[in-house]
Amino acid sequence: MNPQTKIAVVTGAGSGIGRAVALALAGAGWSVALAGRRTGPLEETAREAGSETMCVPADVSLPADVNALFTAVRERYGRLDLLFNNAGTFGPRGVPVEDIRYEEWRSVVDVNVTGSFLCAQAAFRQMKGQDPQGGRIINNGSISAHAPRPNSIAYTTTKHAMTGLTKSLSLDGRPYRIACGQIDIGNAATDMTERMQAGILQANGELMAEPVMDVRDVARTVLHMAELPLEANVQFATVLATTMPYIGRG
Ligand SMILES: NC(=O)c1ccc[n+]([C@@H]2O[C@H](COP(=O)([O-])OP(=O)(O)OC[C@H]3O[C@@H](n4cnc5c(N)ncnc54)[C@H](OP(=O)(O)O)[C@@H]3O)[C@@H](O)[C@H]2O)c1
């Protein structure tokens, strides 16, 4: 492997935004470790990338899986330049606050908050310890890190938590040349947003079909963030379907 080649871990790389970002990085010459729970979709991403990738089945909410993922990357590549901390789940759809079950709440927190923390911690340790020191973590937040949709308390809470994770990593990473930024996406066309086009509940109680954008436009933004020198950082990038209801109170 060319020693100049940059190494990335992408979680949730078997579908949607994670797959699009993995393909964009691979297309730009990065070696990419593809992580997610399901092997089949990861292998499909690897086939599409057609370049240097490795598939590592992992559940990001499990410390042992995360440890095995970052150990495998260290053993194969010897260093890590980028974590795209992307794996996430929306959780129960359309369930009012008073009806969310404890297990449903926990499953969203376990993946979106604990999973993101565990991956960031493992990446941080690797980046702090390697020579040359440093690297970049890009967290996948959301417009829900800014404002909620109706009946989305678990998702909205966890995506607001992502902003705290980003800010803490940014501050604590400074001495070690570890940069951390966050992308807040609104309505990229993926499995998660399929229902947007059919009609989704608005704050005024109406159902409305919402516009979506191509995931490749998200991927281009992440690639730009990833390829900046470590002395420069996109702290927060908000990328959304231009006419979606968000700005101007909808
Ligand atoms: N699409 C949008 O407009 C939008 C907007 C804002 C934020 N986001 C964020 O973007 C990220 C990706 O979402 P997406 O839209 O691309 O939807 P998606 O296609 O459903 O992607 C979610 C990915 O996360 C992985 N994942 C879920 N739980 C996991 C776990 N416990 N361990 C490892 N991987 C896990 C899934 O793979 P497995 O099932 O194989 O594990 C899947 O590849 C999420 O964090 C989401 O909140 C999306």
Side-chain angles (χ1 to χ4, degrees), residues 9-24 32-46 48 55-70 83-91 93 104 106-120 122 137-149 152 154-163 165-166 182-197 200 210-219 221-222 236-242 244-246:
V9 168
V10 176
T11 64
S15 64
I17 293 162
R19 172 175 288 175
V21 167
L23 294 177
V32 190
L34 310 166
R37 289 167 304 179
R38 293 166 298 150
T39 307
L42 297 178
E43 288 176 348
E44 182 53 40
T45 303
E48 267 190 58
C55 297
V56 189
D59 181 334
V60 296
S61 69
L62 302 176
D65 280 21
V66 172
N67 187 34
L69 163 64
F70 285 85
L83 164 66
F84 183 46
N85 215 357
N86 165 74
T89 182
F90 194 83
R93 294 194 184 278
E104 292 174 324
R106 273 302 301 264
S107 70
V108 181
V109 172
D110 284 353
V111 178
N112 294 3
V113 180
T114 307
S116 298
F117 163 72
L118 290 172
C119 290
I137 297 169
I138 300 175
N139 290 326
N140 195 343
S142 175
I143 294 299
S144 294
H146 305 216
R149 288 183 178 282
S152 71
Y155 187 71
T156 298
T157 302
T158 58
K159 289 299 182 175
H160 275 65
M162 194 63 111
T163 304
L165 185 73
T166 298
Q182 178 167 318
I183 183 162
D184 291 327
I185 300 160
N187 288 12
T190 66
D191 291 351
M192 198 179 275
T193 53
E194 227 175 354
R195 73 216 150 90
M196 301 288 177
Q197 293 155 85
I200 181 163
E210 292 190 15
V212 293
M213 64 179 165
D214 196 312
V215 279
R216 285 171 299 190
D217 292 324
V218 173
T221 307
V222 175
F236 291 98
T238 305
V239 183
L240 42 73
T242 310
M244 70 178 280
Y246 167 58

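Just follow the structure's listing: the first ligand is 1, and inside any ligand the first atom is 1.
With respect to E48 and R19, a salt bridge is recorded, a charged nitrogen being found less than 4.0 Å from a carboxylate O.
Among all non-hydrogen protein atoms, the one lying nearest atom 29 (C) of ligand 1 is R37 NE, 3.5 Å. Here the protein heavy atom with the shortest distance to atom 32 (N) of ligand 1 is V60 N, 2.9 Å. Counting only heavy atoms of the protein, atom 40 (O) of ligand 1 lies nearest to R38 NE, 2.8 Å. Distance from atom 35 (C) of ligand 1 to its nearest protein heavy atom, with residue and atom name: A87 CB, 3.6 Å. The closest protein non-hydrogen atom to atom 17 (O) of ligand 1 is M192 CB, 3.5 Å. The nearest heavy-atom contact from the protein to atom 5 (C) of ligand 1 is I185 O, 3.2 Å. Of the protein's non-hydrogen atoms, the one nearest atom 21 (O) of ligand 1 is S15 OG, 3.3 Å. With respect to atom 12 (C) of ligand 1, the closest heavy atom belonging to the protein is N86 OD1, 3.3 Å.
Using a 4.0 Å cut-off between heavy atoms, T193 contacts ligand 1 through its side chain alone, with no backbone atom that close. Residue contacts with ligand 1, taken as heavy atom pairs separated by less than 4.0 Å, involve T190 solely via side-chain atoms from C-beta onward. At a heavy-atom cutoff of 4.0 Å, ligand 1 is contacted by the backbone of A58 but not by its side chain. The residue R19 has no part lying near ligand 1, judged by heavy-atom distances below 4.0 Å.
On a distance-only criterion, Y155 and ligand 1 share at least one N/O pair closer than 3.5 Å. For A188, a nitrogen or oxygen atom sits less than 3.5 Å from a nitrogen or oxygen atom of ligand 1, counting backbone and side chain alike. Checked by distance only, ligand 1 and I17 come closer than 3.5 Å through their nitrogen or oxygen atoms. Every N/O-N/O distance between S142 and ligand 1 stays at or above 3.5 Å. Looking at ligand 1, you won't find any N or O of S61 less than 3.5 Å from one of its N or O atoms.
Close contacts of ligand 1 with G12, meaning ligand atoms under 4.0 Å from a residue heavy atom, involve 23 (C), 24 (O), 25 (C), 43 (O). Per-residue contacts place G36 under 4.0 angstrom from the following atoms of ligand 1 (heavy atoms of the residue considered): 33 (C), 34 (N), 41 (O). Interface of N187 with ligand 1, defined as ligand atoms under 4.0 Å from a residue heavy atom, comprises 3 (O). With ligand atoms numbered from 1 in the order given, ligand 1 contributes 16 (O), 19 (O) to contacts under 4.0 Å with heavy atoms of G16.
For the pair F84/I183, a side-chain contact is recorded, criterion being any heavy-atom separation below 4.5 Å from C-beta on. Side-chain contact between T163 and H160: absent, with no pair of heavy atoms (C-beta onward) separated by less than 4.5 Å. The side-chain heavy atoms of R149 and I143, taken from C-beta on, include no pair separated by under 4.5 Å. Considering only heavy atoms from C-beta on, N187 stays 4.5 Å or farther from L240 through its side chain. Using a 4.5 Å heavy-atom threshold, the side chains of H146 and T238 count as touching. Contact of the V56 side chain with the L34 side chain is not registered, since no non-hydrogen atoms from C-beta on lie closer than 4.5 Å.
Defined by atom type and a distance below 3.5 Å, a donor-acceptor pair is present between the side-chain atoms of N139 and T166.
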Taking distance alone, no hydrogens or angles, what donor-acceptor pairs closer than 3.5 Å link side-chain atoms of residues 109-119 to residues at least two apart or in another chain?
residue : atom : partner : partner atom : Å
D110    : OD1  : R106    : NE           : 3.3
D110    : OD1  : R106    : NH2          : 3.2
N112    : OD1  : T89     : N            : 2.9
N112    : ND2  : T89     : O            : 2.9
N112    : ND2  : T158    : OG1          : 3.1
S116    : OG   : N112    : O            : 2.7

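For M196, the heavy-atom gap to ligand 1 stays at 4.0 angstrom or more. Distances shorter than 4.0 angstrom occur between a heavy atom of G141 and an atom of ligand 1. Ligand 1 lies nowhere less than 4.0 angstrom from a heavy atom belonging to T89.
Atoms SG and CD, from C55 and E44 in turn, are 10.5 Å apart once rounded to the nearest 0.5 Å. Taken to the nearest 0.5 Å, the CG atom of N85 stands 8.5 Å off from the CG atom of N140. A distance of 9.0 Å separates CD1 of I185 from OG1 of T190, quoted to the nearest 0.5 Å.
Checking side-chain atoms of D184 against main-chain N and O of S142 turns up a donor-acceptor pair under 3.5 Å.
By the 6.0 Å contact criterion, CZ on R195 is enclosed, its count of non-hydrogen atoms from other residues, nucleotides or ligands being greater than 12.
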